Chemist: 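Structure provided below as structure tokens; questions to follow.
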Number of protein chains: 2
Amino acid sequence: MFSIGELSKRTKVKIPTIRYYEGMGLLAAPERTTGNQRRYDAAGLERLSFIKHARDLGFSIDAISALIELQDHPDRSCQAATAIAAGQLLDVRAKIKRLRTLEKELVRMSKGCDGDGVSQDCYVLASLADHDLCAHEH
Amino acid sequence: MFSIGELSKRTKVKIPTIRYYEGMGLLAAPERTTGNQRRYDAAGLERLSFIKHARDLGFSIDAISALIELQDHPDRSCQAATAIAAGQLLDVRAKIKRLRTLEKELVRMSKGCDGDGVSQDCYVLASLADHDLCAHEH
DNA sequence: ATACGATCTCTAGTGGCTAGAGGTTCAAGA
DNA sequence: TCTTGAACCTCTAGCCACTAGAGATCGTAT
Ligand SMILES: [Zn+2]
Ligand SMILES: [Zn+2]
Ligand SMILES: [Zn+2]
Ligand SMILES: [Zn+2]
């Protein structure tokens with residue numbers, strides 16, 4: 001049995017975030033001391049670690065709720081879990097694609113100006129003012 | 001002189017967003033009709049296009065404010081503008097890097113399970129429960 | 001017994017919008 | 001000129017996933 005501070009240290013999830021997860025219904029409300037302080041056990045630690053890991057991988061709270069629901073029913077088909085992971089992968093890939101386009105434009109802009117001129121002649125500002133200077137859609 | 005709806009159509013910025021930008025002080029308050037409706041001119045269109053383009057490239061509102069400030073003073077050094085663009089590029093690259101790591105882990109997870117089993121044996125769920133299965137930090 | 005860090009609840013703020021309620025104005029057609 | 005209906009107005013609240021702070025209480029070590 002350990003305190004919320006201890007749980008926070010072990011999982012590297014901030015205390016207010018732990019309480020927030022509890023309020024959301026993502027993390028079960030733990031036991032309390034007579035003085036109303038939260039006391040966690042190994043199960044709580046495990047669950048919060050799961051949540052943390054999934055959040056770090058970019059899964060939404062809703063997705064994590066669904067994953068936890070599955071975890072709580074070991075005999076159910078895991079099809080939904082793989083679907084969620086596949087969706088997350090698509091999401092990440094879409095984000096990468098978009099960011100790579102942005103990267104190219106930003107490189108072009110940065111190359112276009114040394115920063116030793118005056119704002120009126122700045123290629124960065126001109127580029128932002130005129131999308132036609134861009135090489136790609138974004 | 002055109003209405004907010006027209007401005008919205010031309011810039012593809014939604015009407016509430018335009019009003020939000022005005023409230024933020026990002027976009028100057030335009031003239032009004034006697035009936036209190038906003039009427040924009042070419043300058044307003046140009047400025048909103050600038051903002052839209054910068055937002056599409058991922059610049060924060062604060063960064064855009066600084067860029068606009070520079071644009072309004074054509075004789076100032078553009079050093080700050082290039083610094084902001086360079087910072088944005090670093091930001092984008094950091095995001096790409098992180099997402100590429102996530103992508104690898106998600107691919108590994110997805111490969112690990114066909115979705116035809118039971119949640120108890122699911123590699124996706126096992127992977128989320130145990131970061132030690134991950135190939136990289138993230 | 002006392003001190004002091006940790007915890008409690010509650011509210012409000014972050015960024016960048018987005019949605020809705022309830023009321024007013026504009027512009028085109030009859 | 002009148003009427004209709006789309007577009008506009010302001011204001012408040014909601015979204016996601018937290019984060020920060022106020023002010024009060026608790027737990028533990030000396
Ligand atoms: Zn420049
Ligand atoms: Zn562009
Ligand atoms: Zn599976
Ligand atoms: Zn991991």
Side-chain angles (χ1 to χ4, degrees), chain A residues 1-27 29-40 44 47-48 50-68 84 87-88 91-92 95 98 102 138, chain B residues 1-27 29-40 44 47-48 50-68 84 87-88 91-92 95 98 102 138:
Chain A
M1 287 305 207
F2 40 88
S3 69
I4 196 170
E6 185 62 27
L7 181 65
S8 171
K9 260 179 215 152
R10 293 202 205 177
T11 57
K12 284 162 196 158
V13 175
K14 285 174 189 161
I15 292 174
T17 306
I18 297 174
R19 292 198 274 246
Y20 167 75
Y21 287 160
E22 183 184 323
M24 302 285 298
L26 194 57
L27 191 63
E31 288 181 46
R32 300 274 186 146
T33 63
T34 47
N36 200 37
Q37 298 194 0
R38 292 167 179 83
R39 285 299 176 267
Y40 295 90
R47 167 131 310 176
L48 183 55
F50 182 96
I51 294 169
K52 172 70 159 50
H53 197 205
R55 283 297 297 134
D56 284 349
L57 287 162
F59 289 88
S60 73
I61 299 286
D62 269 6
I64 296 172
S65 290
L67 291 168
I68 283 178
I84 288 169
Q88 180 60 19
D91 217 63
V92 165
K95 275 183 182 139
R98 174 145 187 283
L102 299 193
H138 49 96
Chain B
M1 288 305 210
F2 40 87
S3 69
I4 195 169
E6 185 63 27
L7 181 66
S8 170
K9 259 180 215 149
R10 293 203 204 176
T11 57
K12 282 160 196 161
V13 175
K14 284 173 187 163
I15 291 175
T17 306
I18 297 173
R19 293 199 274 245
Y20 168 74
Y21 287 160
E22 184 184 324
M24 302 285 298
L26 195 57
L27 191 63
E31 287 181 47
R32 301 275 185 144
T33 62
T34 48
N36 200 35
Q37 298 196 0
R38 292 168 180 83
R39 285 297 176 268
Y40 295 89
R47 168 131 311 174
L48 184 56
F50 182 96
I51 295 168
K52 172 68 157 52
H53 197 206
R55 284 296 301 133
D56 284 349
L57 286 162
F59 289 87
S60 72
I61 297 285
D62 269 7
I64 296 171
S65 291
L67 291 168
I68 283 178
I84 288 168
Q88 180 59 19
D91 217 65
V92 165
K95 276 184 181 136
R98 174 146 188 284
L102 299 194
H138 49 94

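Each chain gets a letter, A, B and so on, in the order the sequences are listed, and its residues count up from 1. Since the structure is predicted, the reported quantities are computational estimates derived from the model, not experimental observations. Values reported hereafter were calculated over all heavy atoms of this structure, with side chains retained and with hydrogens, waters and symmetry mates removed.
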Chemist: Which residue, A:Asn36 or A:Met24, contacts DNA chain D at a nucleotide closer to its 5' end, judged by nearest heavy atom?
Modeler: A:Met24

Chemist: Who passes side-chain hydrogen bond (donor to acceptor under 3.5 Å, both in side chains) against A:Glu6, sequence neighbours left out?
Modeler: A:Arg10

Chemist: Minimum heavy-atom separation for A:Ala63 and A:Ile84, please, with both atom names.
Modeler: CB-CG2, 3.8 Å

Chemist: Nearest 0.5 Å, what's the CG-CG distance between A:Leu26 and A:Asp62?
Modeler: 9.5 Å

Chemist: Donor-acceptor pair, B:Gln88 side chain versus B:Gly58 backbone, under 3.5 Å?
Modeler: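 The answer is yes, because a donor-acceptor pair under 3.5 Å joins these two groups.
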
Chemist: I need the residues from residues 53-60 of chain A with at least one non-hydrogen atom less than 4.0 Å from DNA chain D; give them sorted by number, or say none.
Modeler: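 Correct list: A:Arg55, A:Ser60.
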
Chemist: Report the distance from atom CG of A:Leu67 to atom NE2 of A:His53, rounding to the nearest 0.5 Å.
Modeler: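 The distance works out to 12.5 Å.
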
Chemist: For B:Thr11, which residues count as a side-chain contact (heavy atoms from CB on, under 4.5 Å) partner, sequence neighbours excluded?
Modeler: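 B:Thr11 satisfies side-chain contact (heavy atoms from CB on, under 4.5 Å) with B:Leu7, B:Val13, B:Leu45, B:Leu48, B:Ser49 once adjacent residues are dropped.
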
Chemist: Using a 3.5 Å distance criterion without hydrogens, assess whether the side chain of A:Ser8 forms a donor-acceptor pair with backbone atoms of A:Ile4.
Modeler: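 It does not hold such a pair.
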
Chemist: Check the pair B:Ile68 / B:Ile51 against side chain to side chain contact (heavy atoms under 4.5 Å, CB included), numbers first and verdict last.
Modeler: CA-CA 8 Å; B:Ile68 283 178; B:Ile51 295 168; 3.7 Å; yes

Chemist: What is the distance from atom CD1 of B:Ile15 to atom NZ of B:Lys9, rounded to the nearest 0.5 Å?
Modeler: 8.5 Å

Chemist: Starting from the first five and the last five pairs of the helix from C:dA1-D:dT30 to C:dA30-D:dT1, work out the angle between the resulting helix axes, to 10 degrees.
Modeler: 10°

Chemist: Please identify the 5'-most and 3'-most nucleotides of DNA chain D with any atom under 4.0 angstrom from a heavy atom of chain B.
Modeler: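 It runs D:dC8 to D:dT10.
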
Chemist: At a heavy-atom distance below 4.0 Å, which nucleotide of DNA chain C is the first touched by chain B, and which is the last?
Modeler: C:dG16 to C:dC26

Chemist: For B:Arg55, check salt bridge (charged side-chain N to carboxylate O under 4.0 Å, His left out) against everything at least two apart and list the hits.
Modeler: none

Chemist: Can you sort out which residues in residues 10-23 of chain A have a heavy atom within less than 4.0 Å of DNA chain C? Ascending by number, please.
Modeler: A:Ile15, A:Arg19

Chemist: Given that B:Ser3 and A:Gln37 both sit by DNA chain D, which one's nearest nucleotide is further toward the 5' end?
Modeler: B:Ser3

Chemist: Enumerate the residue pairs fulfilling side-chain hydrogen bond (donor to acceptor under 3.5 Å, both in side chains) with a member in residues 14-24 of chain B, sequence neighbours excluded, ordered by first and then second residue.
Modeler: B:Glu22-B:Arg38

